[in-house]
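Worksheet for the structure shown next.
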Amino acid sequence: MRQAGLDWLDRMTAPDEHSTLLDWPLRSITDLVGRVDRELIWLCAQPSVGKTAFILQWMIVLARQGHQTSLASLESAADSIASRIIAAQTPMDTYPIRQRRATADQIKAARDTANAISDCIRVTDSGMSLDQLYAWGRAEKRKGSKLLIVDNTRHVRMTGGGSRVD
């Protein structure tokens, strides 16, 4: 076990290793479980309980800290994601805009917020197979992303005769 500990320490402190510790979207979570470092995290819950809202808040927090994050949205269109980010950052209700009943002030506030969305937030909204997700993740990492998010793995495209379970 001693050797395993030394091997781990060597890998973690090697000069070519670069790790960025990321905060959670809520300080209380960071304080409780620590910062995120090279981890695979699954957010699992029933539909419509806030998983996407949680990850969008996380992306906003990290963007404010200057960390680039990438989202592969397999379920929602980029327009829908943008609307949710605008609502989260302002904060404002985007319902009147979506219903085309917004006032000029509401539209201006939303436009100002949209213009202020960080370039550190990257969203891809096309369906992908596992191979395509792998290639997307590698490409986003090369472009500097510190956190890769796939929303919603239930919508991964299956190739051949396999099912999602397979």
Side-chain angles (χ1 to χ4, degrees), residues 18-157:
H18 178 69
S19 179
T20 303
L21 296 173
L22 303 174
D23 290 326
W24 288 90
L26 300 169
R27 174 113 237 117
S28 58
I29 298 174
T30 302
D31 292 344
L32 184 64
V33 298
R35 298 169 89 195
V36 176
D37 176 32
R38 296 185 209 165
E39 297 174 50
L40 173 63
I41 300 165
W42 288 83
L43 296 180
C44 301
Q46 293 295 321
S48 299
V49 296
K51 297 177 298 294
T52 301
F54 182 83
I55 61 155
L56 293 178
Q57 284 292 337
W58 198 359
M59 293 177 80
I60 291 167
V61 166
L62 293 175
R64 287 179 181 152
Q65 296 173 358
H67 300 298
Q68 182 171 302
T69 60
S70 297
L71 168 65
S73 179
L74 307 182
E75 182 176 28
S76 301
D79 287 352
S80 174
I81 298 295
S83 170
R84 293 176 77 171
I85 290 173
I86 289 168
Q89 281 193 297
T90 303
M92 70 179 296
D93 181 5
T94 58
Y95 181 76
I97 295 172
R98 287 182 275 130
Q99 295 299 310
R100 301 191 182 277
R101 294 184 180 143
T103 65
D105 288 341
Q106 289 171 317
I107 293 169
K108 181 184 180 323
R111 186 172 304 282
D112 291 345
T113 302
N115 282 327
I117 293 174
S118 173
D119 289 335
C120 290
I121 297 174
R122 299 175 49 85
V123 177
T124 301
D125 69 347
S126 61
M128 293 186 229
S129 68
L130 285 176
D131 290 338
Q132 291 168 324
L133 276 170
Y134 180 75
W136 167 84
R138 290 182 58 86
E140 291 300 310
K141 184 173 182 339
R142 278 192 303 274
K143 293 174 187 173
S145 284
K146 301 297 181 188
L147 179 69
L148 303 174
I149 301 168
V150 178
D151 182 34
N152 178 320
T153 57
R154 175 175 63 162
H155 297 284
V156 172
R157 289 186 185 163

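Side chains included, hydrogens not; waters and symmetry mates left out as well; all remaining heavy atoms used.
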**Prompt:** Does the pair His67 and Leu147 meet the rule for a side-chain contact (heavy atoms from CB on, under 4.5 Å), with working shown?
**Reply:** CA-CA 8 Å; His67 300 298; Leu147 179 69; over 6 Å; no
**Request:** Apply side-chain contact (heavy atoms from CB on, under 4.5 Å) to Gln57 and Phe54, showing your working.
**Result:** CA-CA 5 Å; Gln57 284 292 337; Phe54 182 83; 5.9 Å; no
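Closest heavy-atom contact between Met128 and Leu74: N-CD2, 3.9 Å. Of all non-hydrogen atoms in Pro25 and Val61, the two that sit nearest each other are O-CG2, 3.8 Å. Closest heavy-atom contact between Asp151 and Ile55: CB-CD1, 4.0 Å. Between Val49 and Ala45, the closest heavy-atom pair is CG2-CB, 3.3 Å. Taking every heavy atom of both residues into account, Thr69 and Ser145 meet most closely at C-OG, 3.9 Å.
In this structure, CG on Leu71 lies 6.0 Å from CD1 on Ile149, to the nearest 0.5 angstrom. Note that NZ of Lys141 is 8.5 Å distant from CG of Leu148, once rounded to the nearest 0.5 Å. With rounding to the nearest 0.5 angstrom, the CE atom of Met92 is 10.0 Å from the CG atom of Asp105. To the nearest 0.5 Å, atoms CZ (Arg157) and CG (Leu133) are separated by 10.5 Å. Note: Met59 CE to Arg64 CZ = 13.0 Å, rounded to the nearest 0.5 Å. Note that NZ of Lys51 and CG of Leu56 are 12.5 Å apart. Values are rounded to the nearest 0.5 Å.
Of the possible polar contacts, none joining the Gln68 side chain to the Arg122 backbone as a donor-acceptor pair under 3.5 Å is found. The backbone N or O of Ile97 lies less than 3.5 Å from no partner atom in the side chain of Gln99, so there is not a single donor-acceptor pair. In terms of modelled atom types and a separation under 3.5 Å, the side chain of Trp58 and the main chain of Asp23 share a donor-acceptor contact. Looking only at distances, no side-chain donor or acceptor of Gln65 sits under 3.5 Å from a matching main-chain atom of Leu62. Thr30 places a side-chain N or O within 3.5 Å of a backbone atom of Trp24 that can act as its donor or acceptor partner.
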Just distance, no hydrogens or angles: give the donor-acceptor pairs under 3.5 Å from side chains in residues 75-84, sequence neighbours left out.
from, atom 1, to, atom 2, distance (Å)
Glu75, OE2, Arg154, NH2, 3.4
Ser83, OG, Thr94, OG1, 3.2

With a cut-off of 3.5 Å and sequence neighbours excluded, list every side-chain donor-acceptor pair involving residues 106-115.
from, atom 1, to, atom 2, distance (Å)
Gln106, OE1, Thr103, N, 2.8
Gln106, OE1, Thr103, OG1, 3.4
Lys108, NZ, Asp112, OD2, 2.7
Thr113, OG1, Thr90, OG1, 2.8
Thr113, OG1, Ala109, O, 2.9
Asn115, ND2, Arg111, O, 3.3

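The environment of CZ in Arg98 is crowded: more than 12 heavy-atom neighbours from other residues, nucleotides or ligands sit within 6.0 Å. In the displayed structure, Asp37 atom CG is contacted under 6.0 Å by more than 12 heavy atoms of other residues, nucleotides or ligands.
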